[in-house]
Amino acid sequence: HVLRGAFKDAAACDHAVMLVLLLKDTGRLREALRIGRAALALASDHGRDWPEYHDLRMFVGHVDVEAGNLHEGLLRL
């Protein structure tokens, strides 16, 4: 499904969360935001009903805030 531009299941959101957190924890905030935002876009059509989608959205919001993007981050939280 990723080739079609969408995540096929909630597990993909979990994997994205792990990658975003790994990048954040190693100080690579810009990369974490790029991956996180891309993952949100890939999950947005089908994933809005998944709790994992909302976890991903929250973690991307935290990274946004930590990176100084306060307004964007707070909108995701």
Side-chain angles (χ1 to χ4, degrees):
H1 287 272
V2 172
L3 294 176
R4 294 184 197 137
F7 283 166
K8 70 175 186 166
D9 58 27
C13 284
D14 275 338
H15 294 295
V17 165
M18 287 187 271
L19 182 55
V20 166
L21 290 177
L22 174 69
L23 290 167
K24 178 188 122 11
D25 290 346
T26 58
R28 302 183 71 153
L29 297 180
R30 289 187 348 200
E31 290 87 349
L33 285 174
R34 282 198 297 263
I35 295 293
R37 289 174 182 161
L40 286 171
L42 287 169
S44 66
D45 289 341
H46 305 289
R48 292 183 193 270
D49 296 329
W50 303 332
E52 294 83 357
Y53 172 84
H54 296 285
D55 292 343
L56 174 61
R57 186 176 161 90
M58 178 195 63
F59 283 114
V60 174
H62 281 283
V63 176
D64 258 322
V65 169
E66 192 170 327
N69 306 320
L70 187 61
H71 181 72
E72 284 182 50
L74 290 177
L75 289 175
R76 293 187 200 283
L77 296 176

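Every value quoted in this text rests on a predicted model; they were computed, and no experiment measured them.
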All heavy atoms of Tyr53 vs all of Ala43, minimum pair found to be CD1-CB, 3.7 Å
With Arg37, which residues qualify under side-chain hydrogen bond (donor to acceptor under 3.5 Å, both in side chains), at least two apart?
-> Asp64, Glu72
Are Asn69 and Leu33 close enough, and set up right, to give a side chain to side chain contact (heavy atoms under 4.5 Å, CB included), and what steps lead you there?
-> CA-CA 10 Å; Asn69 306 320; Leu33 285 174; 3.6 Å; yes
From Ile35 CD1 over to Leu21 CG, what is the distance, rounded to the nearest 0.5 angstrom?
-> 13.0 Å
Arg30 atom CZ: more than 12 heavy-atom contacts under 6.0 Å | no
Please round to the nearest 0.5 Å and tell me the distance separating atom CG of Leu74 and atom NE2 of His62.
-> 9.5 Å
Taken to the nearest 0.5 Å, the spacing of Phe59 CZ from Leu19 CG works out to 13.0 Å
From Leu70 atom CG to Leu75 atom CG, the distance as rounded to the nearest 0.5 Å | 9.5 Å
Could you tell me whether the side chain of Lys24 reaches within less than 4.5 Å of the side chain of Glu66, counting heavy atoms only?
-> yes
Distance, nearest 0.5 Å, that separates CG of Asp9 from CD of Glu52 = 9.0 Å
What closest approach, in Å, do Gly73 and Val65 show between heavy atoms, and which atom pair accounts for it?
-> CA-CG2, 3.8 Å
Closest non-hydrogen contact found for Leu29 with Ala67 is CD1-CA, 3.9 Å
Hey, could you give me the CG/CG distance between Asp55 and Asp14, rounded to the nearest 0.5 Å?
-> 7.0 Å
Can you find a pair of side-chain heavy atoms, one from Phe7 and one from Trp50, that are under 4.5 Å apart?
-> yes
Are Val60 and Met18 in one and the same hydrophobic cluster, where Ile, Leu, Val, Met, Phe, Trp and Tyr link if side-chain heavy atoms are under 4.5 Å apart?
-> no
